[in-house]
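The block underneath contains the structure these notes are about, expressed in C-alpha cells.
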Protein chains: 2
Amino acid sequence: MKLGEGVEAAIHCAAMLAGVEGNSTMAASAMAEAFGLSPSYLLKHLNMLSAARILESVSGPAGGYRLARPAERISLLDIVLAVEGREPAFRCGEIRRNGPVTFDASAYVKPCGINAAMLKAERAYRAALAEAKLSDIVATYAAEGDPRSLAASCAFVERHQRPQKSSSTKQA
Amino acid sequence: MKLGEGVEAAIHCAAMLAGVEGNSTMAASAMAEAFGLSPSYLLKHLNMLSAARILESVSGPAGGYRLARPAERISLLDIVLAVEGREPAFRCGEIRRNGPVTFDASAYVKPCGINAAMLKAERAYRAALAEAKLSDIVATYAAEGDPRSLAASCAFVERHQRPQKSSSTKQA
DNA sequence: GATTTTTTACTCGGATAAATAATGTCCGAGTGGAGTTGG
DNA sequence: CCAACTCCACTCGGACATTATTTATCCGAGTAAAAAATC
C-alpha cells in the first residue's frame, strides 16, 4: 500500500502543462527544474503519460510535452493508472486452493469473497480519483493558492513554454 | 499502487481464526499448511496482527493464535493497516517548494491541492474497507461458498484448534 | 539576394546500474505437558 | 499410589540472506532550426 514517488511528479507536471497556451509545449528539463527533480528520471514518468495518451511529445530543439486533451477531460485516475499500472492493487493469489486437500475447479466458480471486498473498496478509490479532474486542481490552486506562488508559477510557464508552428498558434 | 502479498494471507488467516470456538487457538503452522504458505514467513505477518491488537498469541506446545475481539469488530481496514502500515499511500513530498525560486513558509500554509485530492480518495478507500467486517466475510463464505470447500474448512478448523485451559472453555 | 544543402544543437526514448523494499529462511527465548523419580 | 521434579518437544519472536521492485543515470535515435555554401 504505497504509491510510487513518480505519481506526485506526474500530477504536478500535468497541472503545470495545463497552464500552457494553445499547442505550445514545455521541455521536461524545465519541469524538472521547477520541482527540483532529476531530469532523466522525470522523463520516464512523462513517457508513461505519453504512452497512455495523456500527454503528447514533440521532438526537436523546440520540442517538449503538452496535454493531449483538455484538462477537463483528464482525471487524476488517468494519471495514477498510467504511472502505477492498470492492474488492481490487491491481487488475489487464490491461496484458498493451495491447501492440502484440493477440489476440482467446480468448487471455485464463485469468486473469493475477500477478493470481492478488496476490489469493491478499490472501485471506491478509483471512483473518487476519476471525479477529480485536472482542471479542478488548477482552479483550486488559482483560487486558494498563495498569490506569490501563483504569480511565480504563471511567470515560469510563460517563460518556458515554446510555441509550435505546425498548427495555428491562435495568436492574433 | 500495489499491496503486499501478505495482506491476502493475513485476511484468510483471520477469517479462519474466526471459526475457532471460545478461546481456543490455532498454530501458525496449521494455517500455513491450509493455504500452502511458508510457515516462517506467515509468522511475520501474524506477528504484525498481534502487535496491532487484532490477534492474540499464546506460546507453548498447545499455543497458537486467536482473535483478540469478536469478528464483528474487526474490519478489513484494521488488517490492511496492520500489515501494510498506517501511513497513507500517497506521500506528498512538497515538491512544489523545490523550485529555483523559494518563498518563506507563509506561502505554503495552504495544503497542497493535489495532496488533498489524493487523500480524499484514500479516505473513500479506507471507509469502504472499514465497512467490511470480518464477520461479513465469513457469513458470505458460509452462505455462498461451495459446500464441499466449506465442509473441508470447518473440518480443518475442528481438527487443528487447541482448547486453552486458563479461562473457562465454556464446554459443559 | 534567394535557395538548397549541410551542420548542429536540442529534444525525447529506451537500455543500463545502484538503492531500496519486499520476500523468504533460519535460529533462539519461552512455555506447557509428559515422563520420571522419590516419597 | 501420589506428588514433585526434570526434561523435552512445541510454540512464537526477532535477526539474517535472497530476490524483486523502484529509483536514478547514461547514451543513442530523431528532428527542427540555424548556419553555410551555391546559384
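So you know, we letter chains A, B, ... as the sequences are listed, proteins then strands, and number each from 1.
Residues from residues 26-50 of chain B with heavy atoms under 4.0 angstrom of DNA chain D, sorted by number: Ala27(B), Ala28(B), Asn47(B). Near DNA chain C, meaning a heavy atom under 4.0 Å away, there are no residues from residues 74-91 of chain A.
Between Glu56(A) atom CD and dC12(C) atom C1' there is a gap of 14 Å when expressed in whole angstrom units. At whole-Å resolution of the value, CZ in Arg162(B) and C1' in dG32(C) are 12 Å apart. Between the P atom of dT11(D) and the CZ atom of Arg66(B) lies a distance of 16 Å, rounded to the nearest Å. In this structure, the CG atom of Leu3(B) is 20 Å from the P atom of dA20(D), given to the nearest Å.
Of the residues near DNA chain C, Tyr65(A) and Gly6(B), the one whose nearest nucleotide (by heavy atom distance) lies more toward the 5' end is Tyr65(A).
By the side chain to side chain donor-acceptor pair (under 3.5 Å) test, Arg69(B) pairs with Asp78(B), sequence neighbours left out. Listed by chain and residue number, His45(B) satisfy the ring pair (Phe, Tyr, Trp, His ring centres under 6.0 Å) test with Tyr41(B) (two or more places apart in sequence, or in another chain). The side chain to side chain donor-acceptor pair (under 3.5 Å) check on Asp146(B) picks up Arg148(B), with sequence neighbours excluded. Residues that satisfy the ring pair (Phe, Tyr, Trp, His ring centres under 6.0 Å) test with Tyr125(B), not counting sequence neighbours, are Tyr125(A). In this structure Phe35(B) satisfies the ring pair (Phe, Tyr, Trp, His ring centres under 6.0 Å) test together with His12(B), sequence neighbours excluded. In terms of the side chain to side chain donor-acceptor pair (under 3.5 Å) criterion, Asp136(A) has no residue partners (sequence neighbours excluded).
A donor-acceptor distance shorter than 3.5 angstrom exists from the side chain of Glu84(A) to the backbone of Gly4(A), with no hydrogens or angles considered. For Arg91(A) (side chain) and Leu3(B) (main-chain N/O), a donor-acceptor pair under 3.5 Å exists by modelled atom type.
Under the ring-ring contact (aromatic ring centres under 6.0 Å, His included) criterion, no residue pair touches residues 71-102 of chain B, with sequence neighbours excluded.
At dA22(C), one or more side-chain N or O atoms of Lys2(A) fall inside 4.0 Å of OP1 or OP2 (strictly under the cut-off).
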Next on the checklist: Can you build the contact string for nucleotides 29-34 of chain D? Use B for base contact, S for sugar-phosphate-only contact, and - for no protein heavy atom under 4.0 Å.
Outcome noted: -BBBS-

Using a 3.5 Å cut-off and no angle test, enumerate the donor-acceptor pairs between side-chain atoms of residues 108-121 of chain B and protein atoms at least two apart in sequence or in another chain.
none

Under 3.5 Å, which donor-acceptor pairs link side chains of residues 51-60 of chain A to any protein atom two or more places apart or in another chain?
unit_1	atom_1	unit_2	atom_2	d
Glu56(A)	OE1	Arg66(A)	NE	3.2

